[in-house]
Enquirer: 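Got a structure here, written out as structure tokens. Questions coming.
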Amino acid sequence: MITWLIALPVVAAAFLATRLLLRRSGRAALRLVVAADALLLVGALALLLVVLGGGHAHAATTARAAADSGSGSAALIGAAIAVAGASIGAAIAVAYTGAAALAAISERPEVFGRAMVVVGLAEGIAIYGLVVAIILIGKA
């Protein structure tokens, strides 16, 4: 899992570099693109060999530890995604409800309590994400 997390940004950078090279015209650009593709192919093959053949050297004891750490890191990544998504969703919800609440309060100040409840409910989205993250971290 860690190998893939390290390799994915490298592959994305190589892809972006290839796209930038394709915007150039001429024979030199084509040679650079072919060289970048060959380099990317060699890197992908090396990554595949590392992922498929790396676990046999340390036998079963390290394989079990690697499997345990892989599920733990996946849970941590899931917790991070849950917190990030919930925070972004809560920010968008508070932006809209907060603006509407301020507009309503400016016209009718007696609706302050109701407006704050609605804004508080929008904030609850972030708390749900935090609860999911805590559950995922507890299972890691």
Side-chain angles (χ1 to χ4, degrees):
M1 179 75 179
I2 297 298
T3 306
W4 289 109
L5 288 176
I6 294 170
L8 279 178
V10 173
V11 170
F15 175 74
L16 289 176
T18 304
R19 291 283 298 175
L20 289 175
L21 286 174
L22 281 176
R23 290 187 179 190
R24 295 172 133 188
S25 62
R27 205 168 186 88
L30 183 62
R31 276 189 231 140
L32 286 174
V33 169
V34 170
D37 285 345
L39 185 65
L40 191 60
L41 180 65
V42 169
L45 287 176
L47 177 66
L48 186 64
L49 289 176
V50 167
V51 169
L52 293 179
H56 297 296
H58 296 285
T61 56
T62 56
R64 180 170 171 89
D68 290 342
S69 69
S71 66
S73 63
L76 293 177
I77 290 171
I81 290 171
V83 168
S87 298
I88 291 171
I92 292 170
V94 167
Y96 287 116
T97 58
L102 285 177
I105 291 171
S106 67
E107 291 182 9
R108 294 178 48 199
E110 64 268 9
V111 296
F112 176 78
R114 290 185 205 157
M116 288 301 111
V117 168
V118 171
V119 173
L121 287 175
E123 275 291 326
I125 296 170
I127 295 171
Y128 295 144
L130 183 64
V131 168
V132 169
I134 289 171
I135 291 171
L136 285 175
I137 290 172
K139 289 189 176 194

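Hydrogens, waters and symmetry mates are skipped; everything else that's a heavy atom, side chains included, is used. No experiment lies behind these values; they were computed from the predicted model shown. Start at 1 with the first residue, then count along the sequence.
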Enquirer: Got a sec, which residues hit side-chain contact (heavy atoms from CB on, under 4.5 Å) with Ala93, two or more places apart in sequence or on another chain?
Expert: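 Residues passing side-chain contact (heavy atoms from CB on, under 4.5 Å) with Ala93: Ala122, Ile125.
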Enquirer: Suppose we screen for side-chain contact (heavy atoms from CB on, under 4.5 Å). Which residues come up paired with Ile137, at least two apart in sequence or across chains?
Expert: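 So Ile137 forms a side-chain contact (heavy atoms from CB on, under 4.5 Å) with Leu76, Ala79.
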Enquirer: Donor-acceptor pairs are to be reported for all side-chain atoms of residues 100-107 against protein atoms at under 3.5 Å, with residues two or more places apart or in another chain.
Expert:
unit_1, atom_1, unit_2, atom_2, d
Ser106, OG, Leu102, O, 3.4
Ser106, OG, Ala103, O, 2.7

Enquirer: Show me the pairs that pass side chain to side chain donor-acceptor pair (under 3.5 Å) and involve residues 80-104, at least two apart or across chains.
Expert: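 Matches after skipping sequence neighbours: none remain.
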Enquirer: Can you list the other members of the hydrophobic cluster that holds Ile134, where links are side-chain heavy atoms under 4.5 angstrom apart?
Expert: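 Noted: Ile134 shares its cluster with Leu130.
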Enquirer: Taking salt bridge (charged side-chain N to carboxylate O under 4.0 Å, His left out) as the definition, give me every residue that meets it alongside Arg108, ordered by chain and number, with sequence neighbours left out.
Expert: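 Applying salt bridge (charged side-chain N to carboxylate O under 4.0 Å, His left out) to Arg108 gives Glu110.
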Enquirer: For Val83, which fellow cluster members are found when Ile, Leu, Val, Met, Phe, Trp and Tyr are connected by side-chain heavy-atom distances below 4.5 angstrom, either directly or through intermediates?
Expert: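 Members other than Val83 - counting any ILVMFWY side chain reachable under 4.5 Å - there are none.
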Enquirer: Looking only at heavy atoms, which two atoms of Val132 and Ala82 are closest? And how far apart?
Expert: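 Shortest heavy-atom separation between Val132 and Ala82 comes out as CG1-CB, 3.9 Å.
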Enquirer: Taking transitive links into account, so neighbours of neighbours count too, which hydrophobic residues share a cluster with Leu45 at under 4.5 Å side-chain distance?
Expert: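 Listed partners: Leu41.
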